[in-house]
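The next block holds one structure in the form of structure tokens; read it before the comments.
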Amino acid sequence: MTEPDMSDLEKLYARVDAAGLRPLWTITEQLLTPTPRPKAVPWLWPAATMRPLAEEAIRLVPVERGGERRVLSLANPGLGGRPYAAGTLWGALQALGPYESAPAHRHSPGAIRFVLEGEGVWTTVNGDACDMAPGDLVLTPAWAWHDHTNGGDAPMFWFDGLDLPMIEALDGVFFEPYPEQRQLVDDPHNASEGTHRPAYARAGAVTTLDPAPSPLLVYRWADTDAELSRLAGTCDDAVVELEYTNPESGASVLPTLSCGMLRVLPGRRPVRPVRRGGNTVFVVFRGEGHTVMDGRRFDWRAGDMFVAPSWVAVEHHAAVPSDLFALGDAPVHRALGIYREESLPGPQTVTGTFTGTFTPEETP
Ligand code: GTQ
Ligand code: FE2
């Protein structure tokens, strides 16, 4: 027996490579990281930047077949130009001008809308026209036909959240245009509200899984607001957080997406920072404050959107009573049995403030 020399080893590597194989022991990129290392970075998109651009787009860009939607998608700078807020989540600002309609279609990714501003728009979901007003949450579950119609003379702006990157990673994206521009609308509007009442749970308490979406397609702001007030009355915590739930099963509103709302109140007992497995996109509905993510301070106000990638330490502070909508992928982590969260012992040390510039070197 002679020892293999380097040239034998080199030949082995060449043959392994030619066979379409890679030896694990030569892969330097750490695959099994001790904790998640999302490529997406904590980031914030100010309303002051997005809103004028959306208005200009209403002036310059029609909503037509092909493009389908007038949407400015949140492109996380850690994702190399991909139009995703985080590795698993699409987030966007959608704008619909007076008397416009966005054509009907359906797709395997599920979507939610959280309305920021405007009136007179309805989203038709499988024939059920859901009237939209600020603070309302509207669901368009996977493979449901949907179109948006503005029946009034004011523009409307809302947040879109989709599980598109997740479904793309699963190679599960299907899309189909509806044969007409719009669906026929059932009479009366808001039929799902005639048969179901909204349901909520304390965030973190939703462990039931359901592959079916909520049969209730709209959760009204008045109901959400009342539930937040009730929760805030039960404790002195600076942050109370609810999750919207499927009234039939108690599960998340969509099988892939959780929707929640946080009320952050000044002058109350601080809550400990928390890391969670899974990505979260936050949308500031009202108020003003800041969020510390992994030691960096992100100041926000109404209309701003920001993202907390998986396992980033998150800590919210309000200057005035504030409400944050939260979209997350926790239901998928739970369904796979990998969900984790961890509270940190005390407040984070703030080492910097978000300025809106991206330097890839500073990210792991
Ligand atoms: O409104 O149907 O932001 O299909 C992205 C894809 C919105 C929508 C988005 C969509 C929609
Ligand atoms: Fe869509």
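Just so it is clear, the model here is predicted, and its values are computed rather than measured. Atoms within a ligand are numbered from 1 in the order they appear, just like the ligands themselves.
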Open item on the list: Between Glu55 and Arg51, does any side-chain N to carboxylate O distance fall below 4.0 Å?
Closed with: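 Between Arg51 and Glu55 there is a salt bridge, with a charged N closer than 4.0 Å to a carboxylate O.
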
Task: Pairing of Arg334 and Glu243 as salt bridge, 4.0 angstrom limit - done: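 Judged by the 4.0 Å cut-off on N to carboxylate O distance, Arg334 and Glu243 do not form a salt bridge.
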
Distance under 4.0 Å to a non-hydrogen atom of [X]: what atoms of ligand 1 satisfy this?
| X | result |
| --- | --- |
| Val71 | 3 (O), 9 (C) |
| His148 | 1 (O), 2 (O), 8 (C) |
| His105 | 2 (O), 4 (O) |

[atom] [closest protein heavy-atom partner, distance rounded to 0.1 Å]:
| atom | value |
| --- | --- |
| atom 6 (C) of ligand 1 | Leu162 CD2, 3.9 Å |
| atom 5 (C) of ligand 1 | Trp90 NE1, 3.6 Å |
| atom 8 (C) of ligand 1 | Arg69 NE, 2.8 Å |
| atom 7 (C) of ligand 1 | Asp160 OD2, 3.3 Å |

Task: salt bridge (charged side-chain N to carboxylate O under 4.0 Å, His left out), paired with Glu100, selected from Arg70, Arg182, Arg69 - done: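 Of Arg70, Arg182, Arg69, salt bridge (charged side-chain N to carboxylate O under 4.0 Å, His left out) with Glu100 is met by Arg70 alone.
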
Task: Qualifying residue for salt bridge (charged side-chain N to carboxylate O under 4.0 Å, His left out) with Asp225, from Arg286, Arg220, Arg263, Arg230 - done: Arg263

- [ ] Using the Fe ion (ligand 2) as the apex, give the angle to atoms NE2 (His146) and NE2 (His105), rounded to 10 degrees.
- [x] 90°

Task: Contact partition for His146 relative to ligand 1, non-hydrogen atoms under 4.0 Å - done: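 Only the side chain of His146 comes within reach of ligand 1.
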
TODO: With the side chain counted from C-beta on, respond yes when Thr291 and Val314 share a heavy-atom pair under 4.5 Å apart, and no when they do not.
DONE: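 Counting from C-beta outward, Thr291 and Val314 do come under 4.5 Å.
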
Open item on the list: Does Arg296 qualify as a cation-pi partner of Phe354, given the criterion of NZ or CZ under 6.0 Å from the six-membered ring centre and within 45 degrees of its axis?
Closed with: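 The answer is no; the distance or angle limit is not met.
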
- [ ] Carefully, step by step, assess Thr26 and Tyr13 under the rule side-chain hydrogen bond (donor to acceptor under 3.5 Å, both in side chains).
- [x] CA-CA 10 Å; Thr26 65; Tyr13 285 144; 5.9 Å; no

